[in-house]
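Report on one structure; see the data block that follows.
Predicted, not measured: the structure shown is a model, and the values here were computed from it. Order of the sequence lines sets the chain letters (A, B, ...), proteins ahead of strands, with each chain counted from 1. Side chains included, hydrogens not; waters and symmetry mates left out as well; all remaining heavy atoms used.
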Amino acid sequence: MSEFGESPSPDDPSRNGERIKPALKEIPGLLDAREAGGKYSKDCTLILTEGNSAQTLIWTSLDRDYYGIFALNGKPLNVLKATKQTLEENEQLSYIKEIIGLEDGKDYKSTDDLRYGHILLMTDQGLGAMTYEEGKEVLANKEKLLKEFLLLEEEDKKVIEVASGKKEKDRKTWMLNNEFDDCHLDINAKHIKYKDFFNSDFRQYCLVNCRRSIPSIVDGLKPAQRKIIWCSLGIDFTEAMTVTALAHQVATETAYRHKESNLYAPIIGFAQDYVGSNNIKLFQPIGVFGTRLKGGKDHGEPRYLNTRLLPIARLIFPQDDDEILPEYDGNEEESVEPKWLLPIIPMILVNGCDGGIGTGYSCNIPKFDPLQLIAMLKKKFYNGSYGDLEPWYKGFKGKIDSEIVDDQNVWYSHGVYDQEDDGEYVITELPIGEWTENYENWLRDKDGKLSNNVYITELKSLGDERKIDIRISTISSKRLKTSADGDDESSIEDMFNLKKKLDTKHMNLFDQSGQITYYETADDIFEAYYAIRLPYYGERKKKMLHKLDDEISMLSNKIKLIELVRGNTIDMCADRTASEREEMLTSHGFARLPDFKYLESMSGLCSFTAEALKELETKLKELEDKKNTLTTMTREKLWEEDLDALEKYIQNFSLVEEMGPGAM
DNA sequence: CCTACTGCTAC
DNA sequence: CGGCGTAGCAGTAGG
DNA sequence: GGATGACGAT
DNA sequence: CGTATATCGTCATCC
């Protein structure tokens with residue numbers, strides 16, 4: 001504490017004026033201004049900081065007679081959407097109310113009766129990362145940085161309602177209205193109108209929030225997920241590593257600007273394989289990665305979990321495409337992930353997306369069978385017809401079907417139940433997204449009463465973390481229909497809550513041009529993906545042909561040189577100046593690639609054996625064959641080869657992969 | 001003199 | 001943002 | 001009918 | 001070894 005020198009202790013009473021309200025020691029984390037609640041309340045400013053480190057920092061350099069500091073923890077409540085109860089229960093807000101002495105139900109005309117006359121929000125994200133010296137420097141200039149928000153006008157209120165109130169529909173159009181794209185706050189302006197702030201910075205924030213929460217149609221990934229995959233594609237995973245270590249590496253190598261612990265969950269998510277998680281898991285789970293008991297929330301601590309990218313990832317994201325991946329916009333200096341990866345199947349349909357919650361838009365997409373997707377792609381290559389996509393979940397034992405509700409196609413997943421001879425019900429599968437523990441708790445919470453006339457007499461849970469096995473004995477006040485009555489299947493299903501809708505009404509994705517786009521059906525997504533992906537096979541082909549051409553050219557020039565040297569047509573060993581030698585090589589028609597270094601650096605030019613030359617000629621022939629084959633190949637054919645490899649892998653090696661690459 | 005406790009560090 | 005328990009170590013207060 | 005919780009990146 | 005707060009959109013479920 002000595003470095004804070006003469007600063008009097010916060011509760012030093014010596015300078016207190018007459019108090020309106022006593023000092024508030026009981027509020028944790030509050031550093032109260034000495035004059036707050038006293039004669040000079042009006043001149044007091046309460047500074048609200050983001051997090052405690054910022055608080056500690058500015059505490060050292062403020063006049064604490066007139067400045068109080070209170071650290072806000074976490075994100076603030078949106079009071080436009082909160083219910084009365086939520087509002088009242090919000091700790092932060094009640095503390096702030098108490099600190100400034102605001103009383104419920106009182107009509108204030110001025111700030112005279114308050115403990116503080118001003119509130120200052122200190123929102124610079126970097127404050128916590130500064131040294132004390134830097135912090136003092138910033139605070140010394142705080143008047144320059146200070147912005148004052150003007151009083152609310154009608155127009156302001158409207159914009160605020162649209163931007164953060166309960167008007168999601170309006171918010172969608174407001175967000176995508178590019179009239180506002182050029183809106184910027186004047187850095188030097190002292191005063192800010194709320195509407196200007198919302199139309200510029202806040203609208204940008206909304207777009208950013210969508211960008212991080214809504215996947216791309218191209219690779220089905222959100223930025224944090226893409227960073228994880230991209231970075232991992234470059235890691236040699238002969239040894240598995242802990243989730244914490246991987247998160248750290250991803251964060252540093254792809255310039256992830258947030259807490260790296262935020263990466264734990266998506267890494268763990270990639271490695272989960274319980275029913276309802278991944279149709280294709282991309283990472284190997286070594287340790288407790290979570291089960292369907294708790295929908296994966298029962299995973300262990302990231303520092304105890306080990307993982308590695310699975311080989312299937314390279315079949316989905318082939319190495320051959322690495323060079324044609326588009327660069328991330330506007331990041332020349334820093335190493336970051338590409339704009340998107342190019343999976344050979346529409347990964348957004350394989351592993352789906354749930355809980356992609358942005359601002360204005362959200363994204364939910366069910367999962368589909370990779371083998372069906374592969375089959376559809378192949379049919380499409382040859383203009384064959386293919387059926388519609390049907391949701392599919394790996395390992396799911398129940399049925400998935402659709403009904404027409406209000407003219408719209410709605411998909412449902414159904415659990416599985418059976419009735420034994422003695423009348424006992426046996427549940428062996430739950431609908432997609434229903435977790436075992438939740439479900440069993442729900443049953444228990446029924447407190448014996450299942451429906452108006454059915455009562456549970458016994459409830460046994462015999463399953464484990466993979467298997468569902470719930471046995472329920474019942475009695476009913478009415479005679480329940482027997483199977484002879486042609487019993488009403490759906491009512492038993494309803495009674496046990498074994499039917500759940502798959503959300504297909506919010507399939508919003510970023511398209512190739514970066515626009516949030518709504519897709520009505522999974523088949524629309526499939527078609528859109530196809531249209532984007534196919535041209536990239538053309539790109540790949542072009543790139544590969546170029547590389548082959550280069551290799552062929554280099555090799556044939558080398559061979560020619562050897563032949564000329566051996567035939568004594570030219571003498572590479574003779575005493576010549578650099579320009580004389582260059583002239584000689586040029587006159588014999590050698591290609592510059594881009595200069596002659598590749599020829600000059602050839603070792604043993606004069607002592608080449610016939611065998612060695614033969615070897616080079618064979619290699620040249622191979623390259624030329626390869627080129628000829630590639631030249632005749634269509635984009636579809638190239639793609640098909642990738643698909644064949646993946647298909648074979650899924651069919652034959654999935655089991656091996658379950659055991660990890662070590663088992664291969 | 002022995003015990004119990006404190007403050008610190010590390011896991 | 002926080003906690004628990006365990007342990008080792010040195011110093012110290014108290015019976 | 002209104003409140004609440006779940007989803008996941010932050 | 002863990003805990004808490006919150007946003008954001010949408011739906012199902014609860015009281």
How many whole angstroms separate atom [atom1] of [X] from atom [atom2] of [N]?
{"X": "A:Tyr361", "N": "E:dT10", "atom1": "OH", "atom2": "P", "value": "10 Å"}
{"X": "A:Ile357", "N": "D:dT10", "atom1": "CD1", "atom2": "C1'", "value": "12 Å"}
{"X": "A:Tyr205", "N": "D:dT10", "atom1": "OH", "atom2": "P", "value": "11 Å"}
{"X": "A:Gln85", "N": "D:dG1", "atom1": "CD", "atom2": "P", "value": "21 Å"}
{"X": "A:Lys166", "N": "D:dT4", "atom1": "NZ", "atom2": "C1'", "value": "13 Å"}
{"X": "A:Leu72", "N": "E:dA4", "atom1": "CG", "atom2": "P", "value": "20 Å"}

I want to verify a distance call: between [options], whose nearest atom is closest to the [X] side chain?
{"X": "A:Arg212", "options": "E:dC11, D:dC7, D:dA9", "value": "D:dA9"}
{"X": "A:Lys81", "options": "E:dC1, E:dT10, E:dC8", "value": "E:dC8"}
{"X": "A:Gln225", "options": "D:dG8, D:dA9, E:dT10", "value": "D:dA9"}
{"X": "A:Ser362", "options": "D:dA3, E:dT10, D:dT10", "value": "E:dT10"}
{"X": "A:Arg171", "options": "E:dA6, D:dA6, E:dC8", "value": "E:dC8"}
{"X": "A:Glu168", "options": "D:dT10, E:dG9, E:dA12", "value": "E:dG9"}
{"X": "A:Lys505", "options": "D:dT10, E:dC11, E:dA12", "value": "E:dC11"}
{"X": "A:Glu301", "options": "E:dC1, D:dA3, E:dC8", "value": "E:dC1"}
{"X": "A:Leu77", "options": "D:dT4, E:dG9, E:dT7", "value": "E:dT7"}
{"X": "A:Lys172", "options": "E:dC8, E:dT10, D:dT10", "value": "E:dT10"}

Minimum side-chain heavy-atom gap A:Ile348-A:Tyr529 below 4.5 Å: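 Heavy-atom side-chain distance check fails, nothing below 4.5 Å.
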Validation row: A:Trp230, A:Leu325 side chains within 4.5 angstrom (heavy atoms):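 Counting from C-beta outward, A:Trp230 and A:Leu325 do come under 4.5 Å.
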C:dG2 - base-pair partner by Watson-Crick or wobble geometry, distances under 3.5 Å: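 Pair assignment: C:dG2 / E:dC1.
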Residue-phosphate contact under 4.0 Å: A:Ser213 side-chain N/O, D:dT10 OP1/OP2: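 Checking D:dT10 against A:Ser213, no side-chain N or O comes under 4.0 Å of OP1 or OP2.
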Plane angle bin for A:Phe149 and A:Phe197 - parallel if under 30°, tilted between 30 and 60°, otherwise perpendicular: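 It falls in the perpendicular class, over 60°.
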